[in-house]
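Contents: one structure, followed by commentary.
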Amino acid sequence: MFSSFFQTAANSPFRSPFTRVQCADGGNATTAPAAVPAISNDPQPVVGREIAAAATASKDSCEFGSNKYFALCGIGGILSCGTTHTFVVPLDLVKCRLQVDPAKYKNLFHGFKVTVAEEGARGLAKGWFPTLIGYSAQGLCKFGLYEVFKVKYADIIGEENSYLYRTYLYLAASASAEVFADIALSPFEAAKVKIQTVPGYANTFREAVPKMLKEEGVAAFYKGLVPLWMRQIPYTMMKFACFERTVELLYKYVVPKPRADCSKGEQLVVTFAAGYIAGVFCAVVSHPADVVVSKLNQTKGATAGSIVKSLGFMGMWNGLTPRIIMIGTLTALQWFIYDGVKVALGIPRPPPPEKPASLIAKEKAQ
């Protein structure tokens, strides 16, 4: 699955993740060893020269920044978000119940105990279907559109600014993507919370949807959209920006050799570690809004303002410990899976950004 990962990283034609490959007839070529025989009549790099882009083209299934590239990144997002969120449904269920009824569910372990005692082990899987579909749709938009906005915004501000202000670029691209991702997620999240937190309301997504439509209309599926944005946009901004910069810092200060020289296992450890670090920050930043979303979807006719007032400051942090565990694990696994899918599908995976030659020249001239 990871066979082309390291060669792609080592021979990457990108000076940074924000520049497209452009092959010219002249200046980008380097002289190769003396006799390089032509292999076939198929189009090949000019004999005696080897262009980096040509050397990696056969290993990539698409061009960096192309529509196919964005579509395949979206597939990676579906697999990374849909599978991981479904995997932690039991933890998510207990977390939601801790948030909405802390008197009954006193802590994480007690919450599991009470749930199993009342509903059996199958009760821990409540809400798995809307979770799978909702977060798959969210992952498609989150990762696919993040790559779109990152490239488009970089084209607008230019290569030098893309490097100098890359953290702001990550923040802007991820925030833009999450706006659309939450519109896709909101109906499924509303149904999931109803199933998990309202006793006797519904056991399945198929049961919950008609009831919600009958009681509150279509608005029932989107009344939590604004709080969802409040939760997910800061979360996603932290998730992408923190991960990108953590990977960069780990390779620069912790890993004793360049990424291209690391083994497959070493690279995966770095990806997972950076993802977990990002996940912890994500959980803390977005937790108060997550509590509001859970209470809002549980209580008919409630508003975000009334929920905040009734909870108070301390109530906004109910369930933080299980959410840190859940989000840290989720984020680490999502980046792990996303990178793996990129390799499996032959999607270009540029190395950490490097200072453009034009900036280096300017610094030397000063």
Side-chain angles (χ1 to χ4, degrees), residues 77-102 104-105 108-142 181-228 231-232 289-302 307 318-319 322-323 325-327 329-330 333-334 337:
I78 290 173
L79 295 174
S80 66
C81 289
T83 55
T84 52
H85 278 276
T86 304
F87 177 74
V88 296
V89 159
L91 184 59
D92 182 49
L93 180 142
V94 174
K95 181 266 301 181
C96 287
R97 291 181 175 182
L98 278 170
Q99 291 172 339
V100 301
D101 195 355
K104 181 177 180 180
Y105 304 93
L108 180 62
F109 297 105
H110 185 257
F112 273 105
K113 183 179 178 180
V114 171
T115 300
V116 172
E118 292 182 348
E119 304 173 55
R122 292 184 63 181
L124 293 172
K126 272 189 171 182
W128 74 267
F129 183 76
T131 298
L132 174 63
I133 304 301
Y135 281 94
S136 293
Q138 188 209 40
L140 170 67
C141 298
K142 184 197 296 280
D182 289 342
I183 293 173
L185 170 64
S186 183
F188 301 96
E189 180 75 0
K192 183 209 75 170
V193 173
K194 281 285 189 185
I195 294 168
Q196 292 181 339
T197 63
V198 181
Y201 187 84
N203 290 318
T204 66
F205 182 69
R206 186 171 55 186
E207 292 177 16
V209 170
K211 281 190 176 182
M212 295 173 70
L213 282 172
K214 183 178 179 180
E215 293 176 359
E216 301 179 67
V218 177
F221 298 100
Y222 288 98
K223 71 176 184 178
L225 180 58
V226 173
L228 197 59
R231 180 188 82 183
Q232 289 297 129
D290 182 61
V291 176
V292 173
V293 169
S294 295
K295 290 290 289 183
L296 194 62
N297 284 315
Q298 179 204 33
T299 310
K300 183 179 178 180
I307 293 296
N318 289 334
R323 191 157 191 269
I325 298 170
M326 183 183 79
I327 296 301
T329 306
L330 269 179
L333 287 174
Q334 283 174 5
I337 293 170

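In this chain, residues are counted from 1 in sequence order.
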- Main-chain N/O of Val193 paired with Thr197 side-chain donor or acceptor, under 3.5 Å: yes
- Query: Any idea which heavy atoms bring Cys141 and Ala181 closest together, and the distance?
  - Reply: CB-CA, 3.6 Å
- Please step through side chain to side chain contact (heavy atoms under 4.5 Å, CB included) for the pair Phe87 and Thr329, ending with a clear verdict. CA-CA 11 Å; Phe87 177 74; Thr329 306; 5.6 Å; no
- Shortest non-hydrogen contact between Lys192 and Cys96, atoms and distance: NZ-SG, 4.3 Å
- Task: Would you please indicate if the ring centroids of Phe129 and Phe188 are separated by under 6.0 Å?
- Result: no
- Please step through side chain to side chain contact (heavy atoms under 4.5 Å, CB included) for the pair Thr83 and Gln334, ending with a clear verdict. CA-CA 9 Å; Thr83 55; Gln334 283 174 5; over 6 Å; no
- Thinking salt bridges, do Lys113 and Glu119 make one under a 4.0 Å N-O criterion? no
- At their closest point, which heavy atom of Gly319 faces which heavy atom of Lys95, and how far apart are they? O-CG, 4.0 Å
- So NZ of Lys194 and CD of Glu215: to nearest 0.5 Å the spacing works out to 6.0 Å
- Would Gln196 and Val89 satisfy side chain to side chain contact (heavy atoms under 4.5 Å, CB included), going step by step from the backbone distance to the final call? CA-CA 10 Å; Gln196 292 181 339; Val89 159; 4.1 Å; yes
- Query: Roughly how far apart are Leu333 CG and Thr84 OG1, rounded to 0.5 Å?
  - Reply: 6.5 Å
- Task: Evaluate the side-chain proximity of Tyr105 to Val94: yes if any heavy-atom separation is below 4.5 Å, no if none is.
- Result: no
- Message: Just so I know, are the side chains of Leu124 and Thr115 near enough to count as touching, which here means a heavy-atom distance under 4.5 Å?
- Response: yes
- Item | Inter-residue atom distance Ser186.OG - Leu225.CG, 0.5 Å rounding | 5.0 Å
- Please report the shortest heavy-atom distance between Gly224 and Pro227, naming the atom on each side. O-CD, 3.4 Å
- Taking the side chain from Gln232 and the backbone from Leu228, do they hold a donor-acceptor pair closer than 3.5 Å? no
- Query: Aromatic rings His85 and Tyr135: how do their planes relate, parallel, tilted or perpendicular, breaks at 30° and 60°?
  - Reply: parallel
- Query: Where do Gly82 and Ser136 come nearest, in terms of heavy atoms and distance?
  - Reply: CA-OG, 3.4 Å
- Query: Looking at side-chain heavy atoms only, is the closest gap between Pro130 and Ile195 below 4.5 Å?
  - Reply: yes
- Nearest-0.5 Å distance that lies between atom CG in Leu79 and atom CD1 in Ile337: 8.0 Å
- May I ask you to decide whether Arg231 forms a salt bridge with Asp182, counting only side-chain N to carboxylate O separations under 4.0 Å? no
- Within 45° cone and under 6.0 Å: Lys211 NZ/CZ vs Tyr201 ring: yes
- If you take all heavy atoms of Asn318 and Leu98, which pair is closest and at what distance? CB-O, 4.0 Å
- Salt-bridge present (Lys104, Glu118; N to O < 4.0 Å): yes
- Can Phe205 and Ile133 be said to form a side chain to side chain contact (heavy atoms under 4.5 Å, CB included), step by step? CA-CA 11 Å; Phe205 182 69; Ile133 304 301; over 6 Å; no
